[in-house]
Amino acid sequence: MTRRPPLLEVQDLSVRYPAARRFPWWKSRSNAAVDHVSFDIAPGETLGLVGESGSGKSTVGRAILGLQRISAGTIRCDDVHITDAGRKVPRSYRRRVQAVFQDPYGSLNPTMIVADLVGEPLALHTDLPRSTRTERVVELLEMVGLRSRHLSRHPYQFSGGQQQRIAIARALALEPALIILDEPVSSLDVSIQSQVINVLEQVQAKTGVSYLFIAHDLAVVRHISARIAVMYRGRIVEEGEADRVCEKPEHPYSQLLLSSILNVDLRDQAQRRAYRHELAASFRRQEPTVDQ
Amino acid sequence: MTVSPDATVPATSRPDAGPDRDFPGKRSRKMLARFLEQKSAPTAGLFLLAIVAVAVFAPYLAPHPQDAGDLLRPSEMPSVDHWLGTDSLGRDVLSRLMFGARAALLAALVAVSIAVAVGLPLGLVLGYRGGWADRLVMRLAEGVNAMPFLLVAITLIAVLGPGLTKSMVIVGVIYAVMVLRLVRGEVLAAREELYVTGALVVGVGTTRLLWRHVLPNIAPSLIVQVTTMFATSIIVEATLSFLGLGTQPPQASWGNMLADAQASAFDHWFLALPAGFAIMITVLAFNLFGDGLRDLFSRESAGSVLNANAARPLVEGVVEREHSAGSVGGDGDPLMSVRRLSVSFPARPSSDERIDVVTEVSFDIGRRRVIALVGESGSGKSVTAMALLGLVPDPGRVTAETIGFDGRELTGANERELRAIRAREIGVIFQDPLKALNPAFTIGTQMTESMRVVEGMSKRDARIRAAELLDMVRIDRAADRLDDYPHQFSGGMAQRVMIAMALSSSPKLLVADEPTTALDVTVQSDILDLLRDLQAETGMSMLIITHDQGVVADIADDLMVMYAGELVEVGTVEKVFEEPRHPYTAGLLASVPRNRRREGTLPSIPGTVPALDELGPGCRFGARCPFVVDRCREPVDLVGLGDGAVRCVRAPERLALGDADIWSGR
């Protein structure tokens, strides 16, 4: 498969936090949350980024959104670079890169109504007249499976799945090239999870937006991603075609992660458990500090 | 007054608001309606409105001028001519009271306006920006706050000279520091909110972020604070005027009226009453009004159901009735047997109308069996477990025909008996282990505490036993780790500690409420392995509450599926997973993401869980069910089928429920 020139390019990205010093005269050191991470995403493509909590996957997403100081490396989307730590992200970049977060209720301002929530990016970045803006908001709501009668409601009047749809509509408002999806379905019920993933896929088919899908659930990530990168302790330990990574993982951590997925097929689950025990034993020998 | 019907949505069912729910009223109108439902606050509001009207129209309303009196008729008792009598200079008290309201409100208005005008913007900016300016101002503010503010005001007035406006400006500046601190604190908290991050991502600038996003969310606490400031301002004005530092005679003020009355308190006691009552009632009205506003805004935080520790005796159900319990697995003598367990909560605070969050649930937990209770959020699965333990918090009411546990009846048991059973025979573990452990004490202290209290063990024996338990849950160097604090444990290790604590009394039943949901997938599998091994070793029964079918497949023998407060399917995991008989179970299983090559859309159940207060008499899953027929509109019973049970009228038809096309074809 030939890939188009990448939309997003992340090179040698590192994010370090200063480590606690016991005495002020001690030499200052730092812990790397993200350690020399590189990847790229083509237009219209979805890259899945999986890892456990603390692996640095969300920090990567925050860095791309300009919410996180970068210690080293470069991030480029289209022709805009964010390199230096602490610099303000240009407005043109904000138009191109949007986000949907894990907690849909928390990420929507509870005092605003849907029309304002979805319309706000348009009001900020475009000079569309009010009526055209409302039309566009309705269009966006319909794209995510909501209706115009939802316009004047507050976020608390919706269920979790619907709130996440509103968040997606808000992220889509400026027709971004890339949306960072940080655990967008982890807090939703299983039956709603698949609804939201279907919406994300329909939107991508219609608009050609790229996704960085950050999650801990390999089965969900596999469904929506063309490629998957596995993060472990701040580094990408494996990257490849989604099917390849999920069927023949090479790095021991990917193997352990994969074998930990619980299966609803009972016989398969019993076999998988035995396999996982072998893997876990050998993995712990290599990484003696795991889970202390 | 029109009360919109949506004002009555109970807190417990709000997250489940369905897609076709209509919310006609605007939020503000509903807020007003809810405010008017309160008892004292609207009365206080009306009273304040009247005071304001009197103050504004005092020159027209007052029967006499405030500063001219008949010196020949001093200190008279009330009469037709002077309704509240006259003061020592023969001036009409009622008129002076009216003009005094003017002074009081004006003073409060000046002080509070300055406080808000200075404190609010400063607090917003400092809270959001932080940095050296914030540190400098906050040190200053702390300095001001450390001084008794009435004394500061008096000192400043001594320097600047007396006068109402001048003194209230000084009070206003001191109040501004209070507002500043309040706003800054709220902004610091709001800055961490996800919606602020979201606004940044969308490209919202600082000014808009503060005014449009942060301010409306901190407004409630600010408004409440401002009302109480009005109340204290009135007291401050009265105090200063009483001391001769505020309103200057002959201008009337409640404070200098009191001073006047004090001079002749023994001869003319009545003089002190009008001004005294005016101050008291006005301040009271402001405070009641403020309380009303606070209750109005704090509605959002109501409705936490599960963080319970207060228990009430279980109320026995009255009617005996034939029923088909989902008794599965085990022999004929179950460890726990539950019949027609219901849990209800008030539809809204202080209302007699109640809503069932769990409706007539019946099941058995077999000995040595692991039974899973599955359902989505809001299905009532956790409340069911809490009800079994007698842990449903106060407004909740539990009724059951019987809850039998190992040959004893738990309905009607009092809190002490329940606590004894919980301590010795039923162990519990929760979702978030690190929250369940007290960060201030070592693991060893927390583990040995219950052993020493409940079992009366010596300190040394308890420590040995605790080390054994940690060893049992496979924590390395168990004896050493007893001296570690919770923060030194990872989530998975902390859950092991919780399991060790739950097992310390060798319980017959372990209730695990989403024990692995907060953990990483690799750790989740380890904890499930541990639970499985421990169950096999000890022979205890387990009730595991989860939303994850994968967890069910991994660990459970039996399965109960709950939907909107009812059991819809019961059976062995093997049978139910092989051939689900209820459409909901089938849809749930179909929508579990599997590690498979992608093909088309993911199967899903359309729609959302219905709100519990708008359920019809028929099948509760009907609105989302692809197999719905007319018969589904009537009540559906849980009917035994094979060795399980199912609540679906079409179950005997053996429909092809699991067909992936049905769940993805819409």
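Just so it is clear: chains get the letters A, B, ... in the order the sequence lines come, proteins before strands, and each one is counted from 1.
- A donor-acceptor pair shorter than 3.5 Å cannot be found between the side chains of B:T572 and B:D558.
- Only the side chain of B:R208 comes within contact range of chain A, with heavy atoms under 4.5 Å apart.
- Only the side chain of A:E201 comes within contact range of chain B, judged by heavy atoms closer than 4.5 Å.
- Side-chain contact between B:V497 and B:I475 is present, with at least one heavy-atom pair separated by less than 4.5 Å.
- Residues A:S159 and A:Q162 bring a donor and an acceptor atom of their side chains to less than 3.5 Å of each other.
- The distance from the CG atom of A:L65 to the CD1 atom of A:I180 is 5.0 Å, given to the nearest 0.5 Å.
- A:R276 touches chain B through its side chain: at least one heavy atom from C-beta onward sits under 4.5 Å away, while N, CA, C and O do not.
- A donor-acceptor contact closer than 3.5 angstrom links the side chains of A:E120 and B:H213.
- Residue A:L256 touches chain B through both its backbone and its side chain, counting heavy-atom pairs closer than 4.5 Å.
- Residue A:D103 touches chain B through both its backbone and its side chain, counting heavy-atom pairs closer than 4.5 Å.
- Side-chain contact of A:Y253 with A:E52: a donor-acceptor pair under 3.5 Å is present, judged by distance alone.
- For chain B, the nearby part of A:V97 is the backbone; its heavy atoms alone come within less than 4.5 Å.
- In this structure, no portion of A:Q163 lies under 4.5 Å from any heavy atom of chain B.
- In this model, no donor atom of one side chain and acceptor atom of the other lie less than 3.5 Å apart for A:Q98 and A:R170.
- Contacts between A:D265 and chain B at a heavy-atom distance below 4.5 Å are absent for every atom of the residue.
- Using a 4.5 Å cut-off between heavy atoms, A:L257 contacts chain B through both its backbone and its side chain.
- Neither the backbone nor the side chain of A:I113 comes within less than 4.5 Å of any heavy atom in chain B.
- With a 4.5 angstrom heavy-atom cutoff, A:D243 touches chain B only via side-chain atoms.
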